[in-house]
Amino acid sequence: MTARPLSAEKKIRHYHFNLQEVIRGRPHAAYFLPAIKVAQFLSCGCHVKILLADLHGFLDADKAPEEVLEFRAQYYERVIRALLRSVGVDLSNLEFVRGSSYQLSPEFSRDLLRLSKKVSVHGAVKASSEIVKSTGDPCMADAIYPMMQLLDEEYLDVDAEFGGLDQRKTFALANDTMHKMGFKTRAHLMTGMVPGLSGGKMSSSDLKSKIDLIDDEATIRKKVSKAVCAPRTVAGNGILAFIQHVILPFSALRSVDGKAALKVVLKDQTEPTTFTNFQQIVSAYESDVLTPQIVKAIVQKGLIELIDPIRKEYTEDEEWQDIARKAYPDLGATRPQKE
Ligand SMILES: N[C@@H](Cc1ccc(O)cc1)C(=O)O
């Protein structure tokens with residue numbers, strides 16, 4: 001998807017997207033991926049609603065204990081705003097909605113009961129199987145979770161829902177079920193699951209390798225330099241994936257003509273080469289003129305550029321730091337994290 005604005009006629013229709021965030025671990029650098037997508041939606045003239053799914057976070061095998069939900073929601077909202085500001089996009093068409101702000105209403109409860117008569121227990125558990133952390137025997141929460149996610153589309157009044165590929169079973173359930181409730185069936189947009197910077201899925205529980213959005217320059221450099229990045233190998237390479245999904249689209253969002261451009265000095269060269277798409281980068285990497293050292297340096301520079309304004313905002317904002325302490329009491333979240 002390019003960052004080119006939609007035609008004026010389409011703009012008036014105002015698309016709604018819903019980017020969901022379960023309040024799990026602390027947001028980290030992988031969040032730039034959906035942030036870039038949201039930035040692209042916004043720059044195309046869409047109206048974006050970000051659902052801070054606090055009650056879902058609670059339902060999901062105690063990922064977020066009830067007493068921290070409010071603070072995590074506040075922390076997420078600040079981080080995501082700062083993240084999008086750092087990408088440099090106009091936020092006037094962006095809205096945050098707290099799940100608990102409507103999911104506890106009598107109307108929602110009644111719809112949930114209605115929906116429970118239209119979905120089989122097996123179907124509901126299957127729908128959430130790639131999302132909730134299974135603890136063996138599925139509990140009722142695992143079944144309630146996807147049903148609430150379906151109703152969210154209706155209650156948020158969106159035209160489309162955007163999420164990772166891991167949402168596909170819930171999206172399939174929505175396709176099969178929404179019409180049975182007299183609700184319209186929404187479009188579902190999915191991004192692939194991208195390898196993390198250290199290889200494997202980037203996870204907020206992997207504290208050592210994950211790059212926090214308030215890490216300082218030295219820490220970012222160190223973590224990126226430790227990342228696994230096999231020469232000539234593109235598959236499973238988190239550094240290249242980050243260039244593909246964040247650095248290149250970020251450059252496109254920044255440019256006047258909406259086109260990506262990445263200037264790089266290749267091995268044994270003195271003049272920079274400009275890459276305009278990922279395929280060119282893949283070819284250069286496979287032939288080793290673009291080396292692991294060079295691509296790591298690209299990611300270090302890009303991350304520092306993106307994270308710097310977020311960390312500055314955080315360090316200057318005592319209220320935010322206080323929220324962080326309450327949201328993540330175990331992490332000593334007062335200062336930008338060092339290893
Ligand atoms: N299931 C989503 C979170 C979510 C919750 C409620 C929704 O309505 C949408 C999405 C996830 O795993 O991140």
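Index from 1, following the sequence. All ligand and atom numbering here is 1-based and tracks the order in the structure.
For ligand 1, none of its N or O atoms has an N or O atom of His56 under 3.5 Å away. Between Asn18 and ligand 1, not a single N/O pair is under 3.5 Å apart. Any N or O atom pair closer than 3.5 Å counts here, and Asp166 shares no such pair with ligand 1.
Residue-ligand proximity, Gln167 to ligand 1, at heavy-atom distances under 4.0 Å covers atoms 1 (N), 2 (C), 11 (C), 12 (O), 13 (O). Numbered from 1 in the order shown, with element, the atoms of ligand 1 that lie under 4.0 Å from a heavy atom of Tyr145 read 1 (N), 2 (C), 3 (C), 11 (C), 12 (O). Taking every heavy atom of Glu161 and a limit of under 4.0 angstrom, the matching atoms of ligand 1 come to 9 (C). Close approach of ligand 1 to Leu51 is summarised as follows: ligand atoms under 4.0 Å from at least one heavy atom of the residue are 6 (C), 7 (C), 8 (O).
With respect to Glu217 and Arg311, no salt bridge is recorded, no charged nitrogen being found less than 4.0 Å from a carboxylate O. Contact check on Arg254 versus Glu305 returns a salt bridge, with a Lys/Arg side-chain nitrogen under 4.0 Å from an Asp/Glu carboxylate oxygen. Ion pairing of Arg26 with Asp212 is present here, as a side-chain N (NZ or NE/NH1/NH2) and a carboxylate O approach within less than 4.0 Å. Salt-bridge annotation for Lys184 and Glu153: absent, with no side-chain N of the basic residue lying under 4.0 Å from a carboxylate O of the acidic one.
Scanning the protein heavy atoms around atom 8 (O) of ligand 1, the nearest turns out to be Asp152 OD2, 2.4 Å. The closest protein non-hydrogen atom to atom 13 (O) of ligand 1 is Arg24 NH2, 3.1 Å. For atom 3 (C) of ligand 1, the nearest protein heavy atom (residue, atom name, distance) is Val22 CG2, 3.1 Å. Considering only non-hydrogen protein atoms, atom 9 (C) of ligand 1 sits nearest to Gln20 CG, 2.7 Å.
Checked against the 6.0 Å centroid criterion, the rings of Phe32 and Phe250 do not qualify as a close aromatic pair.
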Just do the ring-ring contact (aromatic ring centres under 6.0 Å, His included) check on His245 and Phe242 with the steps written out, would you? CA-CA 5 Å; His245 295 285; Phe242 198 81; 9.3 Å; no
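Not a single heavy atom of Glu153 sits less than 4.0 Å from an atom of ligand 1.
Ring geometry for His188 versus Phe171: interplanar angle under 30°, hence parallel rather than tilted (30 to 60°).
No hydrogens or angles considered: nothing links the side chains of Gln167 and Glu161 as a donor-acceptor pair under 3.5 Å.
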